[in-house]
Amino acid sequence: MDFAGAYAPSHLKFLLQGLWVTLEVALISIVLSFIIGTLVGIVRYWRIPVVSQLMGLLVETIRNLPLLLIIFFTYFALPEVGIKMSKMNAAIVALVIFESAMLAEIVRSGLNSIDKGQVEAARSSGLSAAQTMRFIILPQGLRRMVPPIVSQFISLLKDTSLAVVIALPELMNHAQIINGRNVNYVIPTFIMIALMYFIVNYLLSIVSRKLESKHA
């Protein structure tokens, strides 16, 4: 094992560049999947005839597919029907599709946990269904969803490493490039990227605990 060679300044800079791409892909995917997942979760909670059932079928289908398969589909299959994307966009689309389905189920479960009496009281006081959702159900539900949502975001960040299969220049891809230069770099390099993933995910965990204690 060559720690000195693996941790040369040029290699560390290269890994940090990969980490930046990882964080960029993760951040964009988190924002988009949260918006879409919340909307889908609300639709499923409202049990709109036909629409909710179709959403439910779509969510369950996506949740039971491997993320790796979805990445392959967005990057290799969609171009066959005229939809061609860059590696980064393909990775983001795949992550958003997969994580939106996961978050939709978290949101639906969180909304269902709100006491029905509050909903009935809000409706009887003259609030519409949309107003009841906005002012009564969603704020309380989101507070209860903080731990599982942040946990899902942590999983999303780790899942970005799967984009290595389409050669997205993220952290894992850059690690493989460094390892290809010298077999003695493999273990030191993987130790370093494990540390990078740990630091980022640990910071997210701290944020989750603070949000949870704040709204407890």
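Numbers here are sequence positions counted from 1.
A heavy-atom distance below 4.5 Å is not found between the side chains of Ile48 and Met55. By the 4.5 Å heavy-atom criterion applied to side chains, Leu103 and Met145 are not counted as neighbours. Put simply, the side chain of Val51 does not reach to within 4.5 Å of the side chain of Leu54, judged on heavy atoms. Using a 4.5 Å heavy-atom cutoff, the side chains of Leu156 and Met102 are not in contact. Side-chain contact between Glu105 and Glu60 is present, with heavy atoms from C-beta onward closer than 4.5 Å.
Note on Ile193 and Leu12: same hydrophobic cluster, where clusters join Ile, Leu, Val, Met, Phe, Trp and Tyr whose side-chain heavy atoms are under 4.5 Å apart, directly or indirectly. Two different hydrophobic clusters hold Leu95 and Trp20 under the rule that ILVMFWY side chains link at heavy-atom gaps under 4.5 Å.
Pairs of residues two or more places apart, or lying in two chains, that qualify as ring-ring contact (aromatic ring centres under 6.0 Å, His included) and include a residue from residues 134-178 are Phe14-His174.
Between the side chain of Thr22 and the main chain of Leu171, a donor-acceptor pair closer than 3.5 Å is present. A donor-acceptor pair is defined here as one N or O able to donate and one able to accept, closer than 3.5 Å; no such pair exists between the side chain of Gln53 and the backbone of Pro49. At least one donor-acceptor pair closer than 3.5 Å links the side chain of Arg144 to the backbone N or O of Ser113. The closest donor-acceptor contact from the side chain of Ser161 to the backbone of Lys158 lies under 3.5 Å. Looking only at distances, a side-chain donor or acceptor of Thr160 sits under 3.5 Å from a matching main-chain atom of Leu157. In this structure, Gln152 contributes its side chain and Ile149 its backbone to no donor-acceptor pair below 3.5 Å.
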Subject >> Criterion salt bridge (charged side-chain N to carboxylate O under 4.0 Å, His left out) on Arg123 and Glu120, from CA distance to verdict >> reply: CA-CA 5 Å; Arg123 295 305 302 276; Glu120 294 171 358; over 6 Å; no
Taking only distance into account, with no hydrogens and no angle test, what donor-acceptor pairs under 3.5 Å do side-chain atoms of residues 69-85 form with protein atoms, sequence neighbours excluded?
{"residue": "Thr74", "atom": "OG1", "partner": "Ile70", "partner atom": "O", "Å": "3.3"}
{"residue": "Thr74", "atom": "OG1", "partner": "Ile71", "partner atom": "O", "Å": "2.9"}
{"residue": "Thr74", "atom": "OG1", "partner": "Ala90", "partner atom": "O", "Å": "3.1"}

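Atom CH2 of Trp46 has more than 12 neighbouring heavy atoms from other residues, nucleotides or ligands inside a 6.0 Å radius.
Using a 30° and 60° split on the angle between ring planes, Phe3 and Tyr7 fall in the perpendicular class, above 60°.
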